[in-house]
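All values below come from the heavy atoms of this structure, side chains included, with hydrogens, waters and symmetry mates left out.
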Amino acid sequence: MGRTHECIEGRLREFIEAQPVFFTATAPLAGDGHVNLSPKGRSGTLVVLDGMTLAYLDFGGSGAETIAHVREEGNGRITLMWCAFSGPPKVVRVHGRGEAVFRDDPRWGELIGRFEEVDGPGARAIIVVHARRISEVCGFAVPFMDYREERTQHAEHFGRKSDQEFAAYCEKKEHVGVSLDGLPGLPLPLPPRPE
């Protein structure tokens, strides 16, 4: 009962933009490496740039496996997934190639302006996903769940940190500069936010 889409537009785009949570999956090229699967949320931190390109804000607070996998030479594989926890049953996946755009990249200013989320110190990278396959399946086994509200702890915690404090936080976190499998992660020291 699945189908593929040529691009992200119309109802498909509306569905993606309406979901309060999505999941991202990556893996290193090495067969014995760690597969990473992460939930993503925070309203306004995912944008559809065009019919074949999405981007989301990568925040501090955990490791940097996604960054490491999309940076790995010859890799970049990434899958984003959304589930309909309300309304008609649906699961959407975007398979593609990801790239990490860091604060010192000339594209940072243009990209960060596309997000509703304020560019606080917790944003350490923007993950850009170039879609190669866009698919939809029924989602009949996905349960109904009610969305209550956004959690505020993450934004509040990093909102209290200065840019220098956030950079120091990133440097002392395990598996931020180097992934679980020893791949380069977030470039450290963290570049300051552009003015």
_Tell me every residue that passes ring-ring contact (aromatic ring centres under 6.0 Å, His included) with Tyr56, counting only those two or more places apart in sequence or in another chain._
Phe22
*Partners of Ser135 by side chain to side chain donor-acceptor pair (under 3.5 Å), sequence neighbours excluded?*
Arg133
*Any sub-3.5 Å donor-acceptor pair from Arg103's side-chain atoms to Ala123's backbone N or O?*
yes
*Partner set under side-chain contact (heavy atoms from CB on, under 4.5 Å) for Ala55, not counting sequence neighbours*: Val47, Leu49, Phe115, Ile126, Val128
Counting only pairs under 3.5 Å, give me each side-chain donor-acceptor contact of residues 140-149, with atom names and distances, residues two or more places apart or in other chains.
| unit_1 | atom_1 | unit_2 | atom_2 | d |
| --- | --- | --- | --- | --- |
| Tyr147 | OH | Glu150 | N | 3.2 |
| Tyr147 | OH | Glu150 | OE2 | 2.9 |

_How close do Ser38 and Asn36 get, counting heavy atoms only, and between which atoms?_
OG-ND2, 3.2 Å
*Can you find a pair of side-chain heavy atoms, one from Val129 and one from Val70, that are under 4.5 Å apart?*
no
*Point-to-point distance, once rounded to the nearest 0.5 Å, from CG of Leu46 to CD of Gln19*: 10.5 Å
*Hey, does the side chain of Arg71 reach the backbone of Gly185 with a donor-acceptor pair shorter than 3.5 angstrom?*
yes
_Over all atoms of both residues, closest heavy-atom pair of Ile67 and Phe102_ = CG2-CZ, 3.8 Å
*Consider only side-chain heavy atoms of I, L, V, M, F, W and Y, link residues closer than 4.5 Å, and tell whether Ile16 and Met52 are in one cluster.*
yes
*Does the side chain of Leu80 come within less than 4.5 Å of Lys40's, by heavy atoms?*
no
*First locate atom CZ of Arg160, then atom CZ of Phe166, and finally report the distance between them rounded to the nearest 0.5 Å.*
14.0 Å
*Single-linkage hydrophobic cluster, 4.5 Å side-chain cutoff, Leu57 and Leu111 together*: yes
*For Ile134 and Cys7, which heavy atoms make the closest approach, and how far apart are they?*
CD1-CA, 3.6 Å
*What closest approach, in Å, do Pro187 and Pro191 show between heavy atoms, and which atom pair accounts for it?*
O-CD, 4.3 Å
_Residues which pass side chain to side chain donor-acceptor pair (under 3.5 Å) with Thr26, listed by chain and number, not counting sequence neighbours_ = His69
_Between Arg77 and Ala27 (side chain of the first, backbone of the second, donor and acceptor by atom type, cut-off under 3.5 Å), is there such a pair?_
yes
*Say you draw a straight line from OG1 of Thr45 to CD1 of Ile127; how long is it, rounded to the nearest 0.5 Å?*
12.0 Å
*Report the distance from atom CD of Glu14 to atom CG of Leu12, rounding to the nearest 0.5 Å.*
9.5 Å
_Non-neighbouring partners of His130 that pass side chain to side chain donor-acceptor pair (under 3.5 Å), sequence neighbours left out_ = Glu99
*Identify, with sequence neighbours excluded, every residue that meets salt bridge (charged side-chain N to carboxylate O under 4.0 Å, His left out) alongside Lys90.*
Glu136
*Rounded to the nearest 0.5 Å, how far does OG1 of Thr24 lie from CD1 of Ile78?*
3.5 Å
*Partner residues of Arg13 under the side-chain contact (heavy atoms from CB on, under 4.5 Å) criterion, sequence neighbours left out*: Ile8, Glu17, Val48
*Under the side-chain contact (heavy atoms from CB on, under 4.5 Å) test, which residues partner His175, sequence neighbours left out?*
Glu65, Leu180
*For Tyr169, enumerate each residue passing the ring-ring contact (aromatic ring centres under 6.0 Å, His included) test, keeping only those at least two apart in sequence or located in another chain.*
Phe158
_Minimum-distance pair of heavy atoms, taken over all atoms of Pro192 and Asp163_ = CA-OD2, 3.3 Å
*With sequence neighbours left out, write down each residue that passes side-chain contact (heavy atoms from CB on, under 4.5 Å) with Glu72, or none if nothing qualifies.*
Pro28, Leu29, Asn75, Leu183
*asked:* Going by the rule side chain to side chain donor-acceptor pair (under 3.5 Å), which residues pair with Asp181 if we only count those two or more places apart in sequence or in a different chain?
replied: His34
*Which heavy atom of Ala84 sits nearest a heavy atom of Phe15, and at what distance?*
CB-CE1, 3.7 Å
*Out of curiosity, Glu156 CD to Gln153 CD, how far, rounded to the nearest 0.5 Å?*
6.5 Å
